[in-house]
Amino acid sequence: MIQKAEWREGWPVVMGAALALGTALPVWNYVSSLFVAPMTAEFGWTRGQLASASASAFLGSIAAPLIGKLADAVGSRPVLLGGLIGYAAAFVALAYQPGTLAAYTVIIMLHTMIGIACGGAIFSRAVAGWFDRSRGLALGLTMTGVPLAAALTTPALSYIIASYGWQKGFLFLASLSLLIGLPAVILAVRDRDRHSPGASQQSDHALVEGADWRQIIESRGFWLLALSLVPINAAGTGIMSAMMPMLTDSGISPARAATLVSLFAIAVIVARLATGWLVDHLPSYAVAGVVAAIPAAGCALLVLYEGNYMFAALALILIGAQQGAEIDIVGYLVAKLFGLRNYASVYGVCVVFLGLSGAFGVAWFGRSFDANGSYRIALAISAPCYLIGAALLLALRSDIRRSDEDQNTAAAR
């Protein structure tokens, strides 16, 4: 009955957030590799130079805790509205950039900093407040907006770039944020604690409960979670940033490579839904650890069977299984370990770890290509990175159990 009540009240928020998130910052990781070849060809940059400049984008994630704190204070909706408008403006700036690495570096960093305001942390805050028993599935459904949008957007964006140039590609992405994302937030996305005076006492209690910052920083669970993101995201973001050229360099045609990128996005969708359901029914640390280890096999396939279309498809499905679960699991574990009191700001700190490791991953893959003429060595190193992150997530077992015991004690009172 509680689960049905949660969905009856919260489904419009999930639907609106999924639709808007599909036009926001997280989608950039899926489509950014489409701009590598045309921009390096036009400006004479090496892939390593472009990768290093693009890596600076992740420095914008340093602003995530402050943006999260703002969302905790004023609510998710106003932050999301401002973020989407600014994010679209940043794409326009990228379209009309002067073509120097310095200018691109500054604009892409601002693009990410602004985009944090319409990123997964802020959307997750809005959704998480409406759900308790079905929070994992709700967050998973919300995050499917990203890979679904990527699966639909990638072929269209690839065609636009090939036919009209990379500048029109940036303008196309800006139009999606303004024409789809902005109306979706206005019409459907809102915080429960600022909207529903008739909410159940249990849900209202959950909205104000949670750890304070001293408890969070001193928590072993916080550091295990944050540090687990570093090797996982360095490998994952590096792979995503080089996905399109990695496939075409191996002999796969651009059209078939774009199909594989869409297949990767579909794998992410399935993984997000499956993982969301699993963390609601199984120990979340076990789900997180197992899923984080799966891409190691995908990396091995890309190294051992370079250029084989079928093995490349299987590899991207395996890598997409983790990519689809990562952000959902972060959002779920933050709420599980620390409650909703400082949800967006704690998530924001995790975004800093994601951003810095992502910056390293993008630069690492780009420079590895410049040094070796391929991505094989970077891919080979990525496999143990996933396994290290998986081990750290599995180590959350005692922290999750302690959190469950504390919640049960509080409920008994």
Side-chain angles (χ1 to χ4, degrees), residues 18-45 47 50-51 54 57 84 87-97 99 104 107-108 111 115 144-184 237 239-270 307 309-310 312-313 315-317 319-320 323-324 362 366 375:
L19 185 61
L21 195 56
T23 71
L25 179 63
V27 178
W28 175 244
N29 284 337
Y30 290 81
V31 301
S32 61
S33 65
L34 297 178
F35 292 89
V36 172
M39 292 184 71
T40 52
E42 179 162 340
F43 299 125
W45 303 336
R47 291 186 189 176
L50 180 59
S54 298
L84 283 166
Y87 185 63
F91 272 129
V92 174
L94 284 169
Y96 293 105
Q97 48 126 347
Y104 177 80
I107 296 171
I108 200 70
H111 165 267
T144 58
V146 177
L148 181 59
L152 297 174
T153 300
T154 298
L157 183 59
S158 180
Y159 171 78
I160 290 170
I161 292 173
S163 302
Y164 304 104
W166 58 268
Q167 294 93 338
K168 293 298 190 295
F170 283 126
L171 294 177
F172 171 67
L173 293 175
S175 68
L176 294 179
S177 297
L178 293 177
L179 299 179
I180 298 177
L182 202 63
T237 306
I239 291 170
M240 290 182 68
S241 71
M243 189 175 294
M244 189 71 172
M246 183 190 304
L247 295 170
T248 54
D249 287 351
S250 69
I252 297 172
S253 70
R256 298 188 84 188
T259 301
L260 286 177
V261 174
S262 295
L263 177 64
F264 172 82
I266 293 170
V268 173
I269 294 172
V270 175
Y309 187 81
M310 294 305 297
L316 293 187
I317 290 172
I319 295 170
Q323 196 68 35
V362 172
Y375 297 103

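These numbers come from a predicted model, not from an experiment. In what follows, residues are counted from 1 in the order of the sequence shown.
The distance from atom CD1 of I317 to atom CG of L263, rounded to the nearest 0.5 Å, is 4.5 Å. Note that CG of D249 and CE of M244 are 11.0 Å apart. Values are rounded to the nearest 0.5 Å. Separating the CG atom in L178 from the CG atom in L173 is a distance of 11.5 Å, to the nearest 0.5 Å. Once rounded to the nearest 0.5 Å, the distance linking CG of L176 with CG of L179 reads 7.5 Å.
For S177, there are no side chain to side chain donor-acceptor pair (under 3.5 Å) partners at least two apart in sequence or on another chain. Applying the side chain to side chain donor-acceptor pair (under 3.5 Å) rule to W166 yields the partners E42; only residues at least two apart in sequence or on another chain are considered.
Of the options F91, W28, F43, Y104, a ring pair (Phe, Tyr, Trp, His ring centres under 6.0 Å) to F35 is made by W28 and by none of the others.
Here the shortest heavy-atom pairing between L316 and L247 reads CD1-CD1, 4.1 Å. For G99 against W45, the heavy-atom pair with the smallest separation is O-CZ2, 3.3 Å. Between G22 and V27, the closest heavy-atom pair is O-CG2, 3.2 Å. Scanning all heavy atoms of the two residues, the minimum distance from A90 to I107 falls at O-CG2, 4.1 Å. Across all non-hydrogen atoms, the minimal contact from A257 to T248 is CB-CG2, 3.9 Å. Across all non-hydrogen atoms, the minimal contact from I239 to M246 is O-CE, 4.1 Å.
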Taking only distance into account, with no hydrogens and no angle test, what donor-acceptor pairs under 3.5 Å do side-chain atoms of residues 146-159 form with protein atoms, sequence neighbours excluded?
unit_1 : atom_1 : unit_2 : atom_2 : d
T153   : OG1    : A149   : O      : 2.6
T154   : OG1    : A150   : O      : 2.6

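Using the six-membered ring where Trp is involved, Y87 and H111 have ring planes that are tilted, between 30° and 60° apart.
For S163 (side chain) and I160 (main-chain N/O), no donor-acceptor pair under 3.5 Å exists by modelled atom type.
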>> With side chain to side chain contact (heavy atoms under 4.5 Å, CB included) as the criterion, how do T259 and Y309 come out once you've worked through the C-alpha distance, each side chain's angles and the decisive distance to 0.1 Å?
In response: CA-CA 11 Å; T259 301; Y309 187 81; 3.9 Å; yes
